[in-house]
Participant: 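This structure is in structure tokens; I'll ask about it shortly.
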Amino acid sequence: MKRHFRQIIISIWALNCSSAFSSPIDQDLEPLIADSRDCFYAETSDCPDPIDAAVESGNALLIPNRESILQAILTVIDTNGMLFQGAKNTIFNLTPEGLAKEDGSSLTQLSWDPTHDASTFIPTYGVNEAILYTNDVTNPSYTVKEKAVGIIGETSNSRYLVLGSNPMRTWQRGFDTDEQTEAFVDNSIQWLTQKTDSDILSNGLNIVIAQMDNRRYFPDESATRNWLDHRFPNSIRYNPARSCNGTALSGCITPQTDLLIISQYLRNEEDAEFITEQVRTAQTQGVPVMYLHHNGNQTELGKHLFENFDVTYELDNVWHKLRLTHFDITSRQGILPNDVDQIKSMTTHFRDMSFSSDLSQCNSNCSNIESFQNEFQNAATIVRKMTNHFDSNKIDLFSVEGYKYQKLLVLLADYFRQSVSFPMNMASSDTTKFLEAYFADHIQYNYRTFNPAQPDLGNFSRGDFSHITPSSRTVTLTSKGHFQSAGVYALPGQTFKVSRLNDNPAVTTDIFINSLRSSASKPFSPQGYIRPKYLQSVRINLEPGETIQLTSPYGGPVQIGFSGESGIPTTLVFEHIGRHPYWRSSEDNASFALAMKQEDFDWAEVATPYFEVHSTLPKMKTTLLSNADWSTPEDLATAINTYIHDYPHVLAGFQGEGITHIPEIYDFAAQLGWTINEHTIVKHMNADQATCGSGCSGNPYDAYWAFNPVGHGDIHELGHGLDKSRFLFSGWDGHATTNPYSYYSKSQFFKNTGQEPQCQNLPFSSMYETLQTAHNQPDPFAYMQQANLTNWDNGVAIYIQMMMAAQAQSALKDGWHLLARLHLLDREFDRSKKMNPNGYFTEIT
């Protein structure tokens with residue numbers, strides 16, 4: 001009782017210590033907190049271990065030193081290696097030491113062809129364990145791969161077995177399923193039910209069979225019953241065929257149920273979530289589960305059941321033809337799963353400070369240093385994928401029992417994060433300290449309420465937001481892909497809550513923090529490691545009527561991803577967030593101006609219906625000071641709508657909100673019966689750091705420069721999302737068709753304002769001279785070919801000459817619209833290809 005009380009105190013202390021907790025501790029609790037501190041320093045046997053306290057509370061600030069957390073990870077790896085040894089001894093009939101028995105009765109020659117209608121899985125270390133691995137192929141032309149097709153696990157109330165195929169089906173259909181395979185299933189049932197063969201033969205078993213197919217290639221339902229009757233004659237009681245499927249399953253599980261056998265087979269009218277909940281309820285009531293995979297794919301029911309079993313679907317055996325031949329579990333004694341072995345190696349290098357990599361020799365991502373990959377990167381990537389999985393599946397790891405191994409790895413990143421100090425340089429910084437920071441960088445796990453802020457965020461942002469009083473905000477946006485800014489700021493280390501109203505389910509929304517691309521941060525560049533690399537968080541789905549809580553160690557502007565139906569109003573309520581300089585409409589004029597003046601944040605955003613600027617504060621100031629025509633965010637939005645949204649998309653042959661209707665484009669399409677595509681997505685610019693060069697295309701595109709609505713770089717990068725490779729003549733540079741969108745917007749800017757934008761020089765004079773010279777050659781064509789006019793500027797000049805010719809000859813009122821017509825033709829050609837993938841095309845006249 002006293003120890004339990006101490007654990008409560010530790011949790012309270014964790015709240016008090018963590019910067020993730022934003023409200024003051026009740027003063028009445030201070031004596032208890034002081035008592036818990038004294039407990040640690042007194043080092044009495046009654047005090048909880050600080051690592052255990054950190055694991056229980058999720059608070060890395062309780063970790064006393066780096067050695068303790070690193071050693072705890074190594075210890076739990078070794079401990080988990082023996083976690084299921086007793087189960088393996090029972091199932092494979094081994095000695096207590098896990099060895100084959102001398103009488104030859106152990107299952108050490110197991111052969112099983114699960115057929116191509118099977119799947120392989122990945123276990124969750126410390127939660128469950130693989131006990132069957134493929135070691136052969138059914139076709140010698142395929143490659144042998146060691147993959148798990150059998151996993152066992154245990155909850156606090158029941159046991160489970162997950163198999164990548166149904167051995168009862170393969171037995172009935174005559175595939176290789178030897179006596180040892182049958183004995184394996186027999187022993188597995190004994191382990192699951194904790195009953196011996198004699199118990200079963202004497203007292204029988206009550207088995208519920210659910211969600212089984214029974215067609216020609218998958219006679220699972222009948223085969224399962226036939227096998228049970230074959231192995232345990234007159235001892236098994238099971239439900240009538242198909243009587244426990246779907247909603248009926250809830251009435252089949254009783255206190256007398258000894259085992260539930262289920263697959264992922266799902267009929268159209270059946271609810272996967274409901275069935276999974278019934279399986280979960282059965283396990284809570286102590287009913288063990290045998291899962292027999294149906295086919296090689298993963299159904300919706302399979303997805304839910306795998307999450308319940310903490311098993312990851314890996315691959316469909318139809319492409320690999322894997323099987324087991326004379327499989328011997330004892331040959332894997334003491335062998336860690338490959339991913340765990342790599343993490344153990346990395347942890348050991350951290351503990352011993354023994355990384356051998358010379359980081360000064362790294363290329364842009366250090367992929368050229370083999371020791372770096374083997375000692376650090378492979379393991380860090382594994383942990384990153386693991387925590388990303390927790391985030392994307394909305395798993396609050398520290399709110400559930402178990403998972404000590406996974407929790408310790410998260411806490412290690414949290415612990416390292418507290419001592420990160422930017423800038424660092426791969427050539428001069430201590431290798432271990434550099435990699436501690438880089439490991440913490442990899443592990444951005446936000447679906448939890450304890451996640452201490454990283455004090456030093458480098459040139460991304462300040463780390464201290466104690467001057468900010470959190471507030472709430474209700475945000476309503478019209479759904480458009482791919483994402484839009486929410487206008488709120490996640491404060492580092494402080495939990496915020498977001499709720500979606502119970503609105504239209506046709507719209508899917510995701511919440512994530514920061515729009516920055518990881519490739520824009522370059523830890524191994526000569527400029528040095530100057531900020532976290534993985535600043536953009538995992539996208540977390542938010543269903544209608546749902547509320548979630550997130551805590552980021554970095555913080556940043558919150559974004560909302562949209563998919564599904566467009567044009568639907570969607571409302572979200574944010575609590576405990578900051579309000580950075582943000583503009584979406586004239587209602588934000590005053591608040592944006594005040595926030596820019598106060599400089600309480602390092603980021604600012606201006607959002608229009610189809611284009612958004614995410615900018616560092618200094619660069620946003622530069623943008624607003626660069627031209628009197630857009631010195632306010634409202635004027636900037638007008639310029640964006642005109643020169644970034646309207647004109648480039650006119651030239652790209654789109655229609656839609658905010659795109660001018662040009663008769664000679666629309667009439668041309670109508671005359672030919674062509675469709676003009678609608679532009680519906682929101683595009684973005686990160687005015688911060690570039691992924692490549694000075695600016696780099698994409699959505700968002702990013703750049704080192706401050707945003708300018710008529711800047712060549714901005715519309716050039718936007719143009720990369722519009723240009724088409726089909727517009728390039730043979731041998732032309734890829735940029736040859738990128739810049740017309742920029743030139744068109746600039747030409748319209750000049751017409752509208754009289755201001756001369758910065759323009760590029762194109763080689764019209766030199767190309768004219770080359771043509772004149774060619775005219776006097778014996779073979780003008782060969783001369784022009786040898787002139788090699790394939791640079792981007794030659795290509796653009798040729799296109800502009802074509803546009804000028806079309807206008808001069810009155811084929812178009814405005815020659816620029818030639819490019820719009822080419823876009824229409826390009827899309828129509830693609831549509832024809834889709835309709836006639838193997839056919840011929842009629843000539844377009």
Side-chain angles (χ1 to χ4, degrees), residues 72-101 105-108 110 112 120-135 146-164 167 180-181 183-196 259-261 279 283 286-293 305-314 324 327-341 343-344 386 400-409:
I73 293 171
L74 295 173
T75 299
V76 80
I77 287 175
D78 292 339
T79 302
N80 285 346
M82 298 299 294
L83 198 59
F84 292 96
Q85 189 58 55
K88 288 185 282 188
N89 292 347
T90 297
I91 293 172
F92 292 95
N93 192 26
L94 306 175
T95 69
E97 295 76 26
L99 304 175
K101 292 181 177 179
S105 62
S106 299
L107 307 183
T108 56
L110 191 152
W112 178 36
T120 68
F121 305 129
I122 301 172
T124 299
Y125 192 66
V127 177
N128 45 46
E129 184 172 334
I131 58 169
L132 289 180
Y133 285 91
T134 58
N135 61 358
E146 191 176 71
K147 298 291 183 180
V149 290
I151 294 175
I152 55 171
E154 194 166 354
T155 69
S156 57
N157 298 304
S158 73
R159 297 172 172 180
Y160 58 92
L161 167 69
V162 176
L163 294 179
Q180 289 211 3
T181 308
F184 168 85
V185 179
D186 189 339
N187 294 350
S188 296
I189 291 175
Q190 293 180 50
W191 175 76
L192 287 165
T193 62
Q194 302 181 63
K195 295 185 178 182
T196 65
L259 178 66
L260 169 62
I261 301 179
V279 173
Q283 289 181 287
V287 177
V289 180
M290 176 183 283
Y291 173 87
L292 307 176
H293 197 62
L305 288 174
F306 294 164
E307 289 177 13
N308 179 64
F309 297 135
D310 289 300
V311 169
T312 302
Y313 173 87
E314 186 179 23
L324 290 79
F327 173 73
D328 181 2
I329 189 65
T330 65
S331 66
R332 298 191 55 82
Q333 189 83 300
I335 297 178
L336 290 172
N338 183 57
D339 60 331
V340 179
D341 191 50
I343 290 170
K344 181 178 182 179
M386 177 190 78
V400 295
E401 294 183 7
Y403 300 92
K404 186 174 183 180
Y405 167 70
Q406 291 80 5
K407 291 175 180 177
L408 286 168
L409 290 170

Participant: Please name all residues satisfying ring-ring contact (aromatic ring centres under 6.0 Å, His included) with Phe327, sequence neighbours left out, ordered by chain then number.
Facilitator: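 Phe327 satisfies ring-ring contact (aromatic ring centres under 6.0 Å, His included) with no residue once adjacent residues are dropped.
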Participant: Got a second to check how far Phe84's CZ is from Thr90's OG1, nearest 0.5 Å?
Facilitator: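 Here the rounded value is 13.0 Å.
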Participant: Hey, can you tell me if Phe121 and Tyr313 have their rings parallel, tilted or perpendicular (30° and 60° cut-offs)?
Facilitator: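 If you compare the ring of Phe121 with that of Tyr313, the planes turn out tilted.
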Participant: Rounded to the nearest 0.5 Å, what separation is found between the CG atom of Asp186 and the OG1 atom of Thr181?
Facilitator: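 Nearest 0.5 Å value for the CG-OG1 distance: 12.5 Å.
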Participant: Measure the NZ-CD1 distance between Lys404 and Ile73 for me, rounded to the nearest 0.5 Å.
Facilitator: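 Atom-to-atom, Lys404:NZ and Ile73:CD1 are 11.0 Å apart.
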Participant: First locate atom NZ of Lys101, then atom CG of Leu107, and finally report the distance between them rounded to the nearest 0.5 Å.
Facilitator: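 Here the interatomic distance stands at 10.0 Å.
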Participant: Write down the atom of Leu408, the atom of Ala72, and the distance for their closest heavy-atom approach.
Facilitator: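 Taking Leu408 first and Ala72 second, the nearest heavy atoms are CD1-O, 3.7 Å.
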Participant: Could you report the tightest heavy-atom contact between Val279 and Leu260, atom names first, then the distance?
Facilitator: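 That closest heavy-atom pairing would be CG2-CD2, 4.0 Å.
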Participant: Could you state the interatomic distance from OG (Ser106) to CD1 (Ile91), rounded to the nearest 0.5 Å?
Facilitator: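 It is 13.5 Å, given to the nearest 0.5 Å.
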Participant: Show your working on side-chain contact (heavy atoms from CB on, under 4.5 Å) between Val287 and Ser158 and close with a plain yes or no.
Facilitator: CA-CA 6 Å; Val287 177; Ser158 73; 5.8 Å; no
Participant: Go through the side-chain N and O atoms of Asp328 and Thr330 and say whether any donor and acceptor fall under 3.5 Å apart.
Facilitator: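 Looking only at side-chain atoms, Thr330 and Asp328 do form a donor-acceptor pair, the distance falling under 3.5 Å.
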Participant: Check whether any side-chain heavy atom of Thr124 lies under 4.5 Å from a side-chain heavy atom of Gln406, and answer yes or no.
Facilitator: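 They are in side-chain contact.
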Participant: Quick one: does Trp191's side chain get under 4.5 Å of Ile152's, heavy atoms only?
Facilitator: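 Yes; the side chains approach each other to less than 4.5 Å.
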Participant: Is a side-chain donor-acceptor pair under 3.5 Å present for Tyr403 with Asp310?
Facilitator: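 Checked: Asp310/Tyr403 side chains pair up, N/O donor to acceptor below 3.5 Å.
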Participant: Provide the closest heavy-atom pair for Ala148 versus Ala130 in the form atom of the first, atom of the second, distance.
Facilitator: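 Heavy atoms only, the tightest pair is CB-CB, 3.6 Å.
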Participant: In the structure I gave you, are the side-chain heavy atoms of Leu74 and Lys344 within less than 4.5 Å of one another anywhere?
Facilitator: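 Answer yes - side chains close enough.
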Participant: Would Asn338 and Glu146 satisfy side-chain contact (heavy atoms from CB on, under 4.5 Å), going step by step from the backbone distance to the final call?
Facilitator: CA-CA 11 Å; Asn338 183 57; Glu146 191 176 71; over 6 Å; no
Participant: I'd like to check Leu292 versus Pro167 (side-chain heavy atoms, cut-off strictly below 4.5 Å). Are they in contact?
Facilitator: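 Leu292 vs Pro167: side chains touch.
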Participant: Check the side chains of Gln283 and Asn308 for a donor-acceptor pair under 3.5 angstrom, ignoring hydrogens and angles.
Facilitator: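 Side chains of Asn308 and Gln283: pair found under 3.5 Å.
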Participant: Please step through salt bridge (Lys or Arg N to Asp or Glu O under 4.0 Å) for the pair Arg332 and Glu129, ending with a clear verdict.
Facilitator: CA-CA 12 Å; Arg332 298 191 55 82; Glu129 184 172 334; over 6 Å; no
Participant: Considering non-hydrogen atoms only, spot the tightest contact between Gly126 and Asn80 and give its length.
Facilitator: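 Shortest heavy-atom contact: CA-ND2, 3.4 Å.
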Participant: Any sub-3.5 Å donor-acceptor pair from Tyr125's side-chain atoms to Ile77's backbone N or O?
Facilitator: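 The answer is yes, because a donor-acceptor pair under 3.5 Å joins these two groups.
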Participant: Any side-chain heavy atom of Asn128 sitting closer than 4.5 Å to one from Val162?
Facilitator: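 Not in contact.
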Participant: With a 4.5 Å limit on heavy-atom distance, are the side chains of Ile151 and Phe309 in contact?
Facilitator: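 A side-chain contact is absent here, since even the closest heavy-atom pair is not under 4.5 Å.
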Participant: Got a second to check how far Glu154's CD is from Leu192's CG, nearest 0.5 Å?
Facilitator: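 CG of Leu192 is found 9.5 Å from CD of Glu154.
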Participant: Given side chains that start at C-beta, do those of Met290 and Val185 come closer than 4.5 Å, heavy atoms only?
Facilitator: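 When only atoms from C-beta onward are counted, Val185 and Met290 do touch, with a gap below 4.5 Å.
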Participant: Between Thr120 and Val149, what is the shortest heavy-atom contact and its length?
Facilitator: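 Thr120 and Val149 have their closest heavy atoms at CG2-CG1, 3.9 Å.
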Participant: Please confirm whether the backbone N or O of Glu97 pairs with a side-chain atom of Gln333, one donor and one acceptor, at under 3.5 Å?
Facilitator: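 Yes, the answer is positive, given that a donor and an acceptor are paired below the 3.5 Å cut-off.
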Participant: Kindly determine whether Tyr291 and Val311 satisfy side-chain contact (heavy atoms from CB on, under 4.5 Å), including the steps that lead there.
Facilitator: CA-CA 11 Å; Tyr291 173 87; Val311 169; over 6 Å; no
Participant: Within a strict 4.5 Å, meaning less than it, do heavy atoms of the Leu132 and Leu110 side chains meet?
Facilitator: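 Of all side-chain heavy-atom pairs linking Leu110 with Leu132, at least one is under 4.5 Å.
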Participant: Which pair of heavy atoms, one from Leu161 and one from Ser188, lies closest together, and at what distance?
Facilitator: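 Between these two residues, the closest heavy atoms are CD2-CB, 3.7 Å.
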Participant: Under 3.5 Å, is there a donor-acceptor pair between the side chain of Asn187 and the main chain of Asn93?
Facilitator: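 It does not hold such a pair.
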Participant: Do the rings of Phe184 and Phe92 sit parallel, tilted or perpendicular, given the 30° and 60° boundaries?
Facilitator: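 Correct class here is tilted.
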